[in-house]
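The structure appears right after this line, and notes come after that.
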Amino acid sequence: MAITAADIGANLAEIRGRIEAAAERSGRDPASVQLIAVSKTHGIEMIEAAYEAGQRHFGENRVYEAEGKIAEARKVLPSDVVWHMVGHIQSRKSGDAAALFSWVHSLDRLKIARHLSKDAEALGLTLNGLIEVNVSGEESKYGFDLSRWPDGEPQKEAFFADVETMLALPDLRIQGLMTMAPYSENPEDARPVFRRLRELRDALCARFPAQEWPHLSMGMSGDFEVAVEEGATLVRVGTAIFGPREG
Ligand SMILES: *Cc1c(COP(=O)(O)O)cnc(C)c1O
């Protein structure tokens with residue numbers, strides 16, 4: 001059943017309530033969790049409806065699609081909208097991404113981090129970045145591959161070396177980590193993945209104590225409550241707000 005603009009306020013209220021309950025269950029302050037409405041494939045009128053319902057953080061996963069949409073949003077919506085890039089960025093699109101987004105959740109390789117910092121510098125901006133980690137090792141997923149570490153200290157050291165380089169980039173402010181759990185009908189299947197991301201964050205805090213690691217971007221429509229229980233500060237929800245993807 002297609003969702004209309006009128007349903008979006010109710011969907012957002014329900015999701016916010018579930019986030020709050022999950023935070024309280026796990027002894028967390030609900031205000032420490034930011035809901036990002038992932039609006040990919042949906043048009044500007046859906047984004048406007050969400051804005052009317054108090055939503056300010058929006059996510060897109062393709063630079064090409066976001067270009068027109070964000071330009072339009074900048075015309076019709078106030079400037080307190082915050083755009084998050086959650087999808088893989090091709091190197092040649094990094095300049096466009098830097099101009100469009102204030103957060104990039106998909107630092108999935110050193111090269112893109114370098115490009116984004118340079119592009120941000122040229123624009124006189126600083127970008128917030130999250131290092132994307134492929135916890136489960138699924139072939140289809142982007143990100144630094146954590147699954148190979150148990151028997152691979154050198155890979156772990158290589159990752160830490162890349163992190164150190166990213167932390168030194170002048171116009172990318174590293175804010176934490178991002179992951180996507182493998183698709184499953186059962187949200188509990190995502191729990192070990194989210195827990196490992198949190199443990200990796202703790203390891204990075206120990207390794208790079210001068211750096212703050214405040215954010216964990218994890219949880220989507222099917223598993224955001226589990227993610228909040230495991231420490232998510234940014235949850236990326238699309239379908240549960242806007243309905244099935246269009247087109
Ligand atoms: C599409 C997308 C989401 C939202 O997924 P839903 O299951 O629709 O909530 C979250 N994160 C990323 C990286 C996405 O591409």
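The structure presented is a predicted model; accordingly, all values stated were derived computationally and were not measured. All ligand and atom numbering here is 1-based and tracks the order in the structure. What's counted below: heavy atoms across the whole structure, side chains too, no hydrogens, waters or symmetry copies.
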- Message: If you take the nearest heavy atom of each of Arg236, Glu132, His88, which one is closest to atom 11 (N) of ligand 1?
- Response: Arg236
- Item | Minimal non-hydrogen separation, Ser217 against Leu130, with atom names | CB-CD1, 3.8 Å
- Axial cation check for Phe144 ring with Arg109, 6.0 Å and 45° limits: no
- Item | Protein residue, atom and distance nearest to atom 15 (O) of ligand 1, heavy-atom basis | Lys40 NZ, 2.6 Å
- Task: May I ask which of Thr239, Ile15, Ile36, Val86 has a heavy atom nearer to atom 13 (C) of ligand 1 than the others do?
- Result: Val86
- Item | Under 3.5 Å: N/O of Gly238 near N/O of ligand 1 | yes
- Numbering the atoms of ligand 1 from 1, which are under 4.0 Å from a heavy atom of Ser221? 6 (P), 7 (O), 8 (O), 9 (O)
- Query: Considering only heavy atoms of Val237, which atoms of ligand 1 have at least one such atom less than 4.0 Å away?
  - Reply: 9 (O)
- Is ligand 1 less than 4.0 angstrom away from at least one heavy atom of His105? no
- Given the side-chain rings of Trp83 and Phe58, with only the six-membered ring counted for Trp, is the space between their centroids under 6.0 Å? yes
- Query: Among protein heavy atoms, which lies nearest atom 5 (O) of ligand 1, and at what distance?
  - Reply: Met220 CE, 3.3 Å
- Between Glu230 and the options Arg28, Arg196, Arg25, Arg195, the salt bridge (charged side-chain N to carboxylate O under 4.0 Å, His left out) test singles out Arg195
- Task: Check the angle between the aromatic planes of His57 and His84 and answer parallel, tilted or perpendicular using the 30° and 60° thresholds.
- Result: tilted
- Message: Check this for me: does any side-chain nitrogen of one of Glu14 and Arg18 sit under 4.0 Å from a carboxylate oxygen of the other?
- Response: yes
